[in-house]
Amino acid sequence: MKNRDIAKLFFEIADILDMQGVAWKPNAYRAAARALETCSNPIEELYDRGGLNALKELPRIGEHLARKIEEYLKTGRIKEYDTLIKKIPAGAHDMLHVPGLGPQKVMRLYKELHIKGISELEKAARAGKLQKLAGFGPKSEQDILRGLTLHKTAGERKLLGLALPIAREITERLLRLPSVTHAEPAGSLRRMKETVGDIDILVISKKPEQVMNYFTTMPEVQNVLSKGPTKSTVILKDGLQADVRVLPSPSFGAALQYFTGSKEHNIQLRNLAIKKGYKLNEYGLNRKEKYVCGKTEQDIYKKLGLTWIPPELREATHEIESARTRKLPCLIELRDMHGDLHMHSTFTDGVHTIEAMARASQQRGYSYIAMTDHSKSVRIAHGMDEKKLGQYLKEIDKIQKKFDIRILKGAEVDILPDGSLDFDNNTLKKLDIVLAAIHSRFKSTKQEMTQRILKALDNPHVNVLVHPTGRLINQREPYQVDIEKVMTRAKERGIALEIDSYPTRLDLKDAHVHMANELGCALTIDTDSHAVDHLRYMELGVATARRGWTTPQTVINTWKLPKLEKFLLR
DNA sequence: GCCGTTTTCGGCCCGACTGTTTTCAGTCG
């Protein structure tokens, strides 16, 4: 999939054009780049099928950018980029990523002080050369030095599963301040994006200074980037950036809408407001300075002729059009989940016993679970051979007698390099549910991997393909596979595709979930728990399902047990 | 460079914070 590569080039072109002071074009390149990133189909396939015209169908891609995409697909380069990159110093792009430095300042540093990269920048700042530049001063020099250390430590976006508890904890403490009536996380966190760049918290209070004083002096704050009456930004000790915005109560809905984003969604919404003769900002929807609403998000969407759009859908794909025509799906919710079909115990690499997992699951209100420990090939996880599997099934029978919750007998069975399964059919027959999984040879070619998985899906006992792309967020790329072929085959064979809720996996990811829904595939949302406290990750999987426009009907573990059992019998 | 129930030309989301200004440019989200 080349979408991301081209998007990256477009983003870079935008940055360079910004540095040259070119107006508007950068916005166009960035909008197109974002469109490419959210497009779930590989751009090369789109082009193969429909040529230039198919590219131009995409939002924000017109004649010129379509031709640039074509050029990249044919030659692997974009000439425009090659020309532009020569006009700026090699390290300029790195400098742009230093907090506090933007295109204008980077260009002035280059032109007036001949600073071409990060290391020269640091030297010049330490030597006190920056503050002599017109428009710069001692403070901005200090800011840049601080930005440089930040730049070194910051790194990648943080996992949703990590940021969410931190944001909730801070939000709860803010809520305990006497002047605070509302506090809620917003931003990509509220949209439940798989990774987040920072934590945004919206606060309603009549005493903003009290909120800001508390927020900027919390024990976990490492340094304060800015502090004002309505907006403050801090860096937390674990490297996460946190923003707080304080507004008065009548603006709560407008502010929540605004700070939830996405940026592109907001732009589309504001354009719609303009068309209808309004102006939309974080204080509310207004016509000629007179505010017509802002207290709730619902009011704002309604006034613009839309149904309320769940935050997970606000990614500027087609949610606004769907909301206008009343065609938004009724999304799955956490409370729809009746069970969890993927978890491990002390029999392989889990840390809790079958009994402990069953008890914790029952406490969560589930009516069934599946115990699915590893098969023998996964040595590192102490996978079970046939003999140990026998003991495992007996143990499940024994534990079952103690619980009302139904414990399905399952296994996470390895798909071997030749596409056969790690247990033979006579063994598989003994199981209520068979999960098939890839745990080896991640570097196979796309064709090899696709054939391997398709063959496994032809086994009559397989019920679910788990973590179908094998990625680990920020750690391991997905293996190469023709996911559309896999989905089509799974649908034909009555096999469900998993949304693995484990924070580093979230696999299928949102765009693939959307694709699976378009193709009409059955899904399951599981936690892949290796301990009882992993069971709570279910909300991350449900959020990913929501981001992929999923309704409860197609998710097999929202079903009552008899219907699920019928599905598992195929 | 994109886009059009105002337009094929002339718009392009909008406001907060900071630092160095003395009315604003740059950056950020």
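What's counted below: heavy atoms across the whole structure, side chains too, no hydrogens, waters or symmetry copies. Within every chain, numbering begins at 1; the chains are lettered A, B, ... in the order of the sequence lines, protein sequences first and strands thereafter.
Across the protein-nucleic acid pair, H97(A) atom NE2 and dC28(B) atom P stand 10 Å apart, rounded to whole Å. Between K139(A) atom NZ and dT21(B) atom C1' the separation is 14 Å, expressed in whole Å. For M107(A) and dG26(B), the CE to P distance is 14 Å, given to the nearest whole Å. Rounding to whole angstrom units, CG of residue L225(A) and C1' of dT18(B) are separated by 12 Å. Distance L36(A) CG to dC2(B) P: 12 Å, rounded to the nearest Å. Between the P atom of dG15(B) and the CG atom of D243(A) lies a distance of 19 Å, rounded to the nearest Å. For the pair R270(A) CZ and dC13(B) P, the computed distance is 9 Å after rounding to whole Å. Between K275(A) atom NZ and dG11(B) atom P there is a gap of 17 Å when expressed in whole angstrom units.
Using a 4.0 Å heavy-atom cutoff across all strands shown, K276(A) reaches no nucleic acid atom at all. Base contact: Y258(A) has a heavy atom under 4.0 Å from a base atom. Using a 4.0 Å heavy-atom cutoff across all strands shown, L101(A) reaches sugar-phosphate atoms only and no base atom. Using a 4.0 Å heavy-atom cutoff across all strands shown, K263(A) reaches at least one base atom of the nucleic acid. Among the atoms of the strands shown, none is found under 4.0 Å from any heavy atom of P26(A). Looking at heavy-atom distances under 4.0 Å, D198(A) makes no contact with the nucleic acid at all. E80(A) comes within 4.0 angstrom of nothing in the nucleic acid, heavy atoms only. Using a 4.0 Å heavy-atom cutoff across all strands shown, E282(A) reaches sugar-phosphate atoms only and no base atom.
Here the nucleotide nearest the side chain of L65(A), chosen from dA16(B), dC13(B), dG1(B), is dG1(B). The side chain of H64(A) has dC2(B) as its nearest neighbour among dC13(B), dG29(B), dC2(B). The side chain of N271(A) lies closest to dC13(B), out of dC13(B), dG29(B), dC17(B). For S226(A), the listed nucleotide lying nearest its side chain is dC17(B); candidates were dC17(B), dG19(B), dC13(B). The side chain of A28(A) has dG1(B) as its nearest neighbour among dG1(B), dT27(B), dC17(B).
Between L96(A) and K231(A), the one whose closest nucleotide on DNA chain B sits nearer the 5' end is K231(A). Looking at which nucleotide of DNA chain B each of K105(A) and I274(A) is closest to, the 5′-most match is held by I274(A).
Side chain of R157(A) to main chain of T195(A): a donor-acceptor pair is present (N/O by atom type, distance under 3.5 Å, no hydrogens or angles). Between the E44(A) side chain and the K2(A) main chain, a donor and an acceptor come within less than 3.5 Å of each other.
For the C1' atoms, the distance from dT8(B) to dC12(B) is 16 Å, rounded to whole Å. Annotation: dT20(B) and dG26(B) have their C1' atoms spaced 11 Å apart (nearest Å). Straight-line distance between the P atoms of dG4(B) and dC13(B): roughly 14 Å, to the nearest whole Å. Comparing dT6(B) with dG11(B), their C1' atoms are spaced 12 Å from each other, to the whole Å.
At least one side-chain nitrogen or oxygen of S140(A) sits closer than 4.0 Å to the OP1 or OP2 atom of dT20(B). Using a 4.0 Å cut-off, no side-chain N or O of Q142(A) falls inside it from OP1 or OP2 of dG19(B). Look at T230(A) and you'll find a side-chain N or O under 4.0 angstrom from OP1 or OP2 of dC17(B). OP1 or OP2 of dG15(B) lies within a sub-4.0 Å distance of a side-chain N or O belonging to K279(A). Within the 4.0 Å cut-off from OP1 or OP2 of dA16(B), at least one side-chain nitrogen or oxygen of Y283(A) is found. Proximity of N281(A) to the phosphate of dG15(B): a side-chain N or O atom is located under 4.0 Å from OP1 or OP2. For the OP1/OP2 pair of dG1(B) and a distance below 4.0 Å, the side-chain nitrogens and oxygens of K25(A) include at least one atom meeting the criterion.
We find that the ring of F136(A) and the base of dT20(B) do not stack by the test of centres under 5.5 angstrom and planes tilted less than 30°.
A cation-pi contact, defined as under 6.0 Å to the ring centre and within 45° of the axis, links K105(A) to F136(A).
Here E172(A) does not pair with R168(A) in a salt bridge; the nearest charged N to carboxylate O distance is not below 4.0 Å. The pair E37(A)-R34(A) fails the salt-bridge criterion, with no side-chain N (NZ, NE, NH1 or NH2) lying under 4.0 Å from an Asp/Glu carboxylate O. Between E333(A) and R546(A) there is no salt bridge, since none of the side-chain N atoms of the basic residue sits less than 4.0 Å from a carboxylate O of the acidic one. Under 4.0 Å is where a charged nitrogen must lie from a carboxylate oxygen, and between R67(A) and E71(A) no such pair does.
A side-chain donor from one of E319(A) and H265(A) sits under 3.5 Å from a side-chain acceptor of the other.
Using Watson-Crick or G-U wobble geometry with both donor-acceptor distances under 3.5 Å, dT8(B) finds no partner in any strand shown.
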